[in-house]
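All remarks here apply to the structure that follows.
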Amino acid sequence: MAIQQTFSIIKPDATSRNLTGAINKVIEERGLRIVAQRRILMTRAQAERFYSIHSDRPFFGVLVDFMTSAPVVVQILEGENAVDVYRTVMGATNPEEAAEGTIRKLFAESIGKNSVHGSDSEENAALEIGQFFSESEIVG
Ligand code: ADP
Ligand code: MG
């Protein structure tokens, strides 16, 4: 498996509980490298575009409200097989189903307020990275 990049968001429930460093510690301990990182307050337009695949789901409005409710930290993570590795490090969407030691098991509050996002494919990782980072911000 080659070195890959994946896109990560530390979500508002985590930034508002001052958990950015604690989550980054887990990310780094599992061998992923944070090669770009920025704290932003997402606009509604950004959040709606980012989660447009879920626009028909009943929780879409609540999700957009949540993602714009407080700052998030957008990140690019790099490592061997990074897309799948980070999904494993994050744990299941619903923290009640997340494995021990995963970020969502450790920190998530609910299926909605679940502390982190991670890309679900290499193709989506490239699209998501492109939505939030320019080439000049990615220095390795
Ligand atoms: P994941 O983030 O694990 O890839 P999904 O892509 O299915 O999960 O959903 C995107 C995000 O939408 C979730 O991380 C969560 O914040 C929110 N979400 C998903 N399902 C629900 C739900 N049933 N109720 C409320 N929010 C949800
Ligand atoms: Mg998803």
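Both counts, for ligands and for their atoms, begin at 1 and track the order of listing.
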Ring-ring centroid check Tyr86 Phe7, cutoff 6.0 Å: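 No, the ring centres sit 6.0 Å or more apart.
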Ring pair (Phe, Tyr, Trp, His ring centres under 6.0 Å) filter on Phe66, not counting sequence neighbours, yields none
May I ask you to decide whether Glu97 forms a salt bridge with Arg104, counting only side-chain N to carboxylate O separations under 4.0 Å? no
Ion pair Glu28/Arg33, N-O distance below 4.0 Å: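 Not counted as a salt bridge, because no side-chain N and carboxylate O are separated by less than 4.0 Å.
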How would you list, by chain and number, the residues with a heavy atom under 4.0 angstrom from ligand 1?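 Answer by chain and number: Lys11, Tyr51, His54, Phe59, Leu63, Arg87, Thr93, Arg104, Ile111, Gly112, Asn114.
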Find out whether the Lys NZ or Arg CZ of Arg38 is both under 6.0 angstrom from the six-membered ring centre of Phe133 and within 45° of the ring's axis.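 Positive - Arg38 is close enough to the ring of Phe133 and near enough to its axis.
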Measure from the side-chain N and O atoms of Thr88 to the backbone N and O of Asp84, and report whether any donor-acceptor pair falls under 3.5 Å. yes
